[in-house]
Colleague: 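Below: one structure in structure tokens.
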2 protein chains.
Amino acid sequence: MTAAPRTARALARATITREIVAAARARLAAEGPASLSLRAVARDVGMVSSAVYRYVENRDALLTLLIVECYDELGAAVEHADARIADRGDVTARWLAACRAVRGWSVGHPGEFALLYGTPVPGYAAPRDTVDPAIRLVLVLVGIVADAYRDGAVPPLGPTVESGLATLVAGARDVVAARGLIDDAPPELVVRTLMAWTTVLGTVSFELFGHLAGSVDDPEAWFDVVSLRLAADLGIGLGQAVSPG
Amino acid sequence: MTAAPRTARALARATITREIVAAARARLAAEGPASLSLRAVARDVGMVSSAVYRYVENRDALLTLLIVECYDELGAAVEHADARIADRGDVTARWLAACRAVRGWSVGHPGEFALLYGTPVPGYAAPRDTVDPAIRLVLVLVGIVADAYRDGAVPPLGPTVESGLATLVAGARDVVAARGLIDDAPPELVVRTLMAWTTVLGTVSFELFGHLAGSVDDPEAWFDVVSLRLAADLGIGLGQAVSPG
DNA sequence: CTTGCACAAGAGCGGTGCTCTCGAGATGGA
DNA sequence: TCCATCTCGAGAGCACCGCTCTTGTGCAAG
């Protein structure tokens, strides 16, 4: 990613690094992040464990590579789901499609989901490199809400009741503004979107971590219900009958 | 917990088991669940590692004991927070107090929170023993909503728009009914409460797992905003100005 | 008093992350 | 072309992990 590999050695190095990350990804998908062992990855690529350290600084660095890769993959999946129907201009459908893409990727990749949104690895602090890929998917959701807001699809927000709401979500507003999605977004809109995103991820997290067992039988239908209600709360929903599933 | 220890041996056994769990709890609080090692707690209680296997079947069993203890502690904290002001009859204040108790305990016990609501331990499936303590805290929230509903504080719910909503949350309704909170709870109420609980936990999870960094500066104030908006969505909120913090 | 049982301790197995050293081979300048 | 340098893979080794098995020992019930 830094410079194009020109020499044969650099080329080989890049290839082997990709091999290692791919093997690690396979084990992550199979066993989850906690039991991902560098030695096992080394065996998979036909190396002795110490040789892997030529390519990856340590286990945390390998996890970081995987985190970036997974965030990008998830972000791309959601972007794709939105882009496919964005021209139809139906913000509710776009919102639902984006949310479904989030759940779809997560259910299909529970190990990766756990790495991204589960318990952080004990001594691990996500480096800067991970934040950009991480917000990519959120920006899709924000973009949908922003489009609806610009087009006047969002009903009047009403007065912001809480004091200091703008400063509370100043960081989120800055991010949105920096990406050129909305200049000077109404704090009310930012708050609603942030809450909705929290609920979307919380619902997926509940499902994958087993906290829905016994309460909800059909997680997919439940997720649709939640997503559509969130859309309604955001002001971009139909506000009328939609059958789940 | 099964039978009262009568003999000296059984008494000693119970005491040492408690010691082990206490030491494990301390390490859990200090380092989080992933790096909790049975050998380390053995050292803490002045034993050799193989000796603790006399008291705890394996590492997963120890984690189960901790899960039950933590769920109970969290549930008790929320119950206490609610009970302290329940006689005032202000459901909004009760809801906020219960939510704050959830966050307060979680922020004060991040390692324990990760054990309860983070990534499940790889090969670990929560046994039956954990579900009763787990729902204890949720029942407090449901009870507040149920009280509000019984007292007529919840405005008319409107027609349930989604088809099959009752069957979707049948499990949750059964739990509520079995506890005698509401007989035949309106599915709409159950759905709203379940969504609100998801958002509460998602907000805490975001905060503790670092997904709020850069978006929200003051997580405590943000949590209050979220909680009060959830109350409003549930129909038990004031629906008017409330300043966070 | 003696038998038996529960217990603590130790050794040991296979696994982990990570470091160090060493030899072989490719790279690239003289 | 030749040689110094540098990279890489392999192996040994350290400290830690979960878990099992065996061995002694002291308490307690019969």
Side-chain angles (χ1 to χ4, degrees), chain A residues 2-3 5-21 23-24 26-28 30-66 111 115 119-125, chain B residues 2-3 5-21 23-24 26-28 30-66 111 115 119-125:
Chain A
T2 56
R6 295 189 51 85
T7 74
R9 209 166 236 172
L11 205 78
R13 185 174 180 80
T15 303
I16 295 183
T17 304
R18 268 195 303 271
E19 259 180 62
I20 291 174
V21 173
R27 290 208 97 94
L28 170 66
E31 309 163 9
S35 58
L36 188 151
S37 97
L38 212 144
R39 290 180 110 112
V41 172
R43 282 192 297 270
D44 290 347
V45 297
M47 271 185 186
V48 88
S49 72
S50 61
V52 178
Y53 285 87
R54 299 262 179 214
Y55 300 90
V56 172
E57 196 174 354
N58 52 31
R59 185 174 177 271
D60 282 357
L62 181 58
L63 284 178
T64 301
L65 291 177
L66 290 174
L115 176 65
T119 313
V121 176
Y124 180 81
Chain B
T2 55
R6 295 188 51 83
T7 74
R9 211 164 233 174
L11 205 78
R13 184 175 180 79
T15 303
I16 295 183
T17 303
R18 267 195 303 271
E19 259 181 63
I20 290 174
V21 173
R27 289 208 96 94
L28 170 66
E31 309 162 10
S35 58
L36 189 150
S37 94
L38 212 145
R39 291 180 109 113
V41 310
R43 284 192 297 270
D44 290 348
V45 298
M47 272 186 186
V48 89
S49 72
S50 62
V52 307
Y53 284 89
R54 298 254 172 214
Y55 301 91
V56 173
E57 195 175 353
N58 52 29
R59 185 174 177 270
D60 282 358
L62 181 58
L63 284 179
T64 301
L65 292 176
L66 290 174
L115 176 65
T119 312
V121 177
Y124 181 79

Colleague: At 4.0 Å (heavy atoms only), tell me whether L62(A) reaches a base, stays on the sugar-phosphate, or touches nothing.
Modeller: nothing
Colleague: Over how many whole Å does the gap from I20(A) atom CD1 to dG9(D) atom C1' extend?
Modeller: 12 Å
Colleague: Closest approach to the side chain of R9(A), judged atom by atom: which nucleotide of dC7(C), dT16(C), dT27(C) is it?
Modeller: dT27(C)
Colleague: Could you work out which one of dC19(D), dC18(C), dT21(C) sits closest to the side chain of S49(A)?
Modeller: dC18(C)
Colleague: Taking all heavy atoms of R59(B) and all of A34(B), pick out the closest pair and write down the distance.
Modeller: NH2-O, 3.3 Å
Colleague: R43(A) or R39(B): which one's nearest nucleotide on DNA chain C is closer to the 5' end?
Modeller: R39(B)
Colleague: Using side-chain heavy atoms (C-beta onward) and a distance below 4.5 Å, is R27(A) in contact with D44(A)?
Modeller: yes
Colleague: Just the rounded figure in Å: distance from P of dC17(D) to CZ of R59(B).
Modeller: 11 Å
Colleague: Output the single nucleotide from dA8(C), dC20(C), dC17(D) whose closest atom is nearest the side chain of A40(B).
Modeller: dC17(D)
Colleague: If you define the side chain from C-beta out and look only at heavy atoms, does anything of I16(A) sit under 4.5 Å from M47(A)?
Modeller: yes
Colleague: Nearest to the side chain of S50(B), which nucleotide is it out of dA11(C), dA10(D), dC7(C)?
Modeller: dA11(C)
Colleague: Rounding to an integer number of Å, can you tell me how far L36(A) CG sits from dC17(D) C1'?
Modeller: 17 Å
Colleague: Nearest whole angstrom, please: distance from the C1' of dG18(D) to the CG of L38(B).
Modeller: 8 Å
Colleague: Send over the distance from L63(B) CG to dC17(D) P, rounded to a whole Å.
Modeller: 15 Å
Colleague: Between atom CG in L11(B) and atom P in dA28(D), what is the gap in whole Å?
Modeller: 12 Å
Colleague: Could you tell me the separation between the CZ atom of R13(B) and the P atom of dC5(C), rounded to a whole number of Å?
Modeller: 16 Å
Colleague: What nucleotide, of dG18(D), dC18(C), dG11(D), holds the atom closest to the side chain of Y53(B)?
Modeller: dG18(D)
Colleague: Between Y55(A) and dG9(D), is there a side-chain N or O to OP1/OP2 distance below 4.0 Å?
Modeller: yes
Colleague: When the distance from CD of E31(B) to P of dC16(D) is rounded to whole Å, what number comes out?
Modeller: 13 Å
Colleague: Is it true that a side-chain atom of T17(A) and a backbone atom of Y55(A) form a donor plus acceptor pair closer than 3.5 Å?
Modeller: no
Colleague: Pick out which of V52(B), I20(B), N58(B) makes a side-chain contact (heavy atoms from CB on, under 4.5 Å) with L38(B).
Modeller: V52(B)
Colleague: Contact class for I16(A) (heavy atom, under 4.0 Å): base, sugar-phosphate, or nothing?
Modeller: sugar-phosphate
Colleague: Both N58(A) and M47(B) contact DNA chain C. Taking the nearest nucleotide for each, which residue is further toward the 5' end?
Modeller: M47(B)
